[in-house]
4 protein chains.
Amino acid sequence: MAIVDITVIPVGTGTPSVSEYVVEIQKVLRQYEGKVKYQLTPMSTLIEGDLKLLLEIVHELHEVPFQKGLQRVCTNIRIDDRRDKENTMERKLQSVQAKL
Amino acid sequence: MAIVDITVIPVGTGTPSVSEYVVEIQKVLRQYEGKVKYQLTPMSTLIEGDLKLLLEIVHELHEVPFQKGLQRVCTNIRIDDRRDKENTMERKLQSVQAKL
Amino acid sequence: MAIVDITVIPVGTGTPSVSEYVVEIQKVLRQYEGKVKYQLTPMSTLIEGDLKLLLEIVHELHEVPFQKGLQRVCTNIRIDDRRDKENTMERKLQSVQAKL
Amino acid sequence: MAIVDITVIPVGTGTPSVSEYVVEIQKVLRQYEGKVKYQLTPMSTLIEGDLKLLLEIVHELHEVPFQKGLQRVCTNIRIDDRRDKENTMERKLQSVQAKL
């Protein structure tokens with residue numbers, strides 16, 4: 001189980017606001033409910049699931065601003081992939097909070 | 001008001017677990033309560049405040065694994081800085097959720 | 001044409017050196033010569049080509065440390081994708097250098 | 001000696017081109033010649049030097065699009081900091097190339 005952390009930055013918007021793109025990305029993610037877990041944070045979207053599927057979703061999310069007419073997109077992705085034990089978003093948070 | 005999203009990756013740990021470093025980072029952040037807002041996510045730590053102070057904190061957090069004896073640290077930082085309107089973690093989330 | 005900038009960080013190496021993993025990644029990339037262009041920088045590997053293929057390669061490069069026995073990998077990826085004009089590594093550099 | 005890898009993404013430009021901002025960033029860096037080493041790649045700018053100074057420079061580069069009138073900037077930074085041996089851009093590349 002891998003977790004990806006993705007932020008899709010539309011370039012050339014003409015305005016500092018990008019929330020319409022973030023909203024659209026959340027709508028795309030709804031179609032994957034049951035297949036992946038996801039969570040919106042103030043800085044990015046976290047998605048947990050099978051890495052191959054996650055990278056397909058990354059590609060789909062990266063396309064969102066192009067579909068809305070933009071010509072350039074800068075996407076930043078972090079992958080955290082741990083295979084010796086269950087690596088879920090919930091487990092990672094609990095692991096830290098238990099030690100605080 | 002800027003927001004930074006930081007993940008500090010200790011290199012050379014000998015084990016896949018890094019939660020002890022994340023715990024220490026949260027302890028450092030507690031010393032800044034009242035000066036910045038911060039939030040732990042499953043993938044990183046988000047900190048909101050004055051950018052100059054945020055970058056000083058970034059430096060301090062980056063030092064944590066060295067203080068615990070490691071010799072290499074890879075830190076990844078995203079800064080989101082918007083100046084035409086209040087740019088807080090809470091506001092950003094609300095702005096998206098209101099449109100969903 | 002998209003460009004990806006990838007850095008694969010093996011976690012749990014027991015030593016600060018990670019060059020053996022970077023070397024292996026370059027060997028994987030050699031298999032794609034003719035299909036993508038790539039370039040090693042002191043901080044990451046840049047790869048230029050069709051985005052779908054690039055994301056498959058990203059997945060393959062991310063697997064390298066697992067194949068060498070590690071249990072955790074943190075990979076960081078930036079995608080720059082511009083579609084209104086030719087977006088190559090060479091062109092981007094020239095565009096800046098012409099104005100300096 | 002640390003190395004930072006920085007990309008400054010101006011948001012709200014109204015056009016996909018951002019090379020004017022990259023050019024300005026290179027001009028700011030020229031003022032630090034002798035104090036840091038830096039290198040422009042097709043995807044980012046790499047800077048090598050004392051980490052405290054590097055983070056001050058990061059702040060200054062992040063301000064460039066604001067000085068040119070924009071209201072939002074998303075900056076992405078990777079820090080690679082190794083302290084058991086000389087960690088220079090040149091050394092890192094050589095270390096990989098020697099094994100290829």
Side-chain angles (χ1 to χ4, degrees), chain B residues 2-29 38-47 51 54-55 57-82 89 92 96, chain C residues 2-29 38-47 51 54-55 57-82 89 92 96:
Chain B
I3 307 170
V4 303
D5 174 331
I6 178 171
T7 170
V8 175
I9 305 175
V11 177
T13 49
T15 148
S17 174
V18 300
S19 60
E20 64 171 301
Y21 303 95
V22 182
V23 167
E24 199 57 37
I25 281 169
Q26 302 310 305
K27 287 181 182 168
V28 171
L29 281 169
Y38 62 94
Q39 177 184 331
L40 178 67
T41 84
M43 286 293 274
S44 62
T45 299
L46 315 184
I47 322 172
L51 184 55
L54 293 183
L55 288 171
I57 294 174
V58 159
H59 194 162
E60 195 172 340
L61 301 181
H62 172 81
E63 294 294 327
V64 164
F66 291 114
Q67 284 162 0
K68 292 177 82 74
L70 288 186
Q71 295 295 328
R72 188 173 199 168
V73 178
C74 290
T75 292
N76 186 262
I77 306 140
R78 296 172 181 149
I79 305 172
D80 180 29
D81 193 350
R82 182 174 179 179
M89 295 193 284
K92 284 184 73 182
V96 172
Chain C
I3 308 170
V4 302
D5 174 330
I6 179 172
T7 170
V8 175
I9 305 175
V11 178
T13 50
T15 150
S17 175
V18 300
S19 60
E20 64 170 301
Y21 303 95
V22 182
V23 166
E24 200 57 36
I25 280 170
Q26 303 308 305
K27 288 181 181 167
V28 171
L29 281 169
Y38 63 94
Q39 177 184 329
L40 179 67
T41 83
M43 286 292 275
S44 63
T45 300
L46 314 184
I47 322 171
L51 183 56
L54 294 183
L55 288 171
I57 294 174
V58 159
H59 194 163
E60 195 172 340
L61 301 181
H62 172 81
E63 294 295 328
V64 164
F66 291 114
Q67 285 162 0
K68 292 177 83 71
L70 289 185
Q71 295 294 328
R72 188 174 197 167
V73 179
C74 290
T75 292
N76 186 262
I77 307 140
R78 295 172 181 149
I79 305 172
D80 180 29
D81 193 350
R82 183 174 178 178
M89 295 193 285
K92 284 185 73 183
V96 171

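All values reported here derive from a predicted model rather than from experimental measurement. Proteins get letters first, then strands, A, B, ... in listed order; numbering begins at 1 in each.
Contact tally against chain B (heavy-atom pairs below 4.5 Å) for C:V73, C:L70, C:T13: the top residue is C:T13.
Within residues 14-26 of chain C, the residues that have a heavy atom under 4.5 Å from a heavy atom of chain B are C:G14, C:T15, C:P16, C:S17, C:V18, listed by number.
The line from CD1 of B:I9 to OG1 of C:T7 is 8.0 Å long, rounded to the nearest 0.5 Å.
Not counting sequence neighbours, the partners of B:R78 by the salt bridge (Lys or Arg N to Asp or Glu O under 4.0 Å) test are A:D5, B:D5.
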Side-chain polar contacts of residues 58-67 of chain C - donor-acceptor pairs under 3.5 angstrom, sequence neighbours left out - could you list them?
residue, atom, partner, partner atom, Å
C:H59, NE2, C:E63, OE2, 3.2
C:E60, OE1, C:Y32, OH, 2.4
C:H62, ND1, C:T75, OG1, 2.7
C:H62, NE2, A:D81, OD2, 2.8
C:E63, OE1, A:R83, NH1, 2.8
C:E63, OE1, A:R83, NH2, 3.4
C:E63, OE2, A:R83, NH2, 2.8

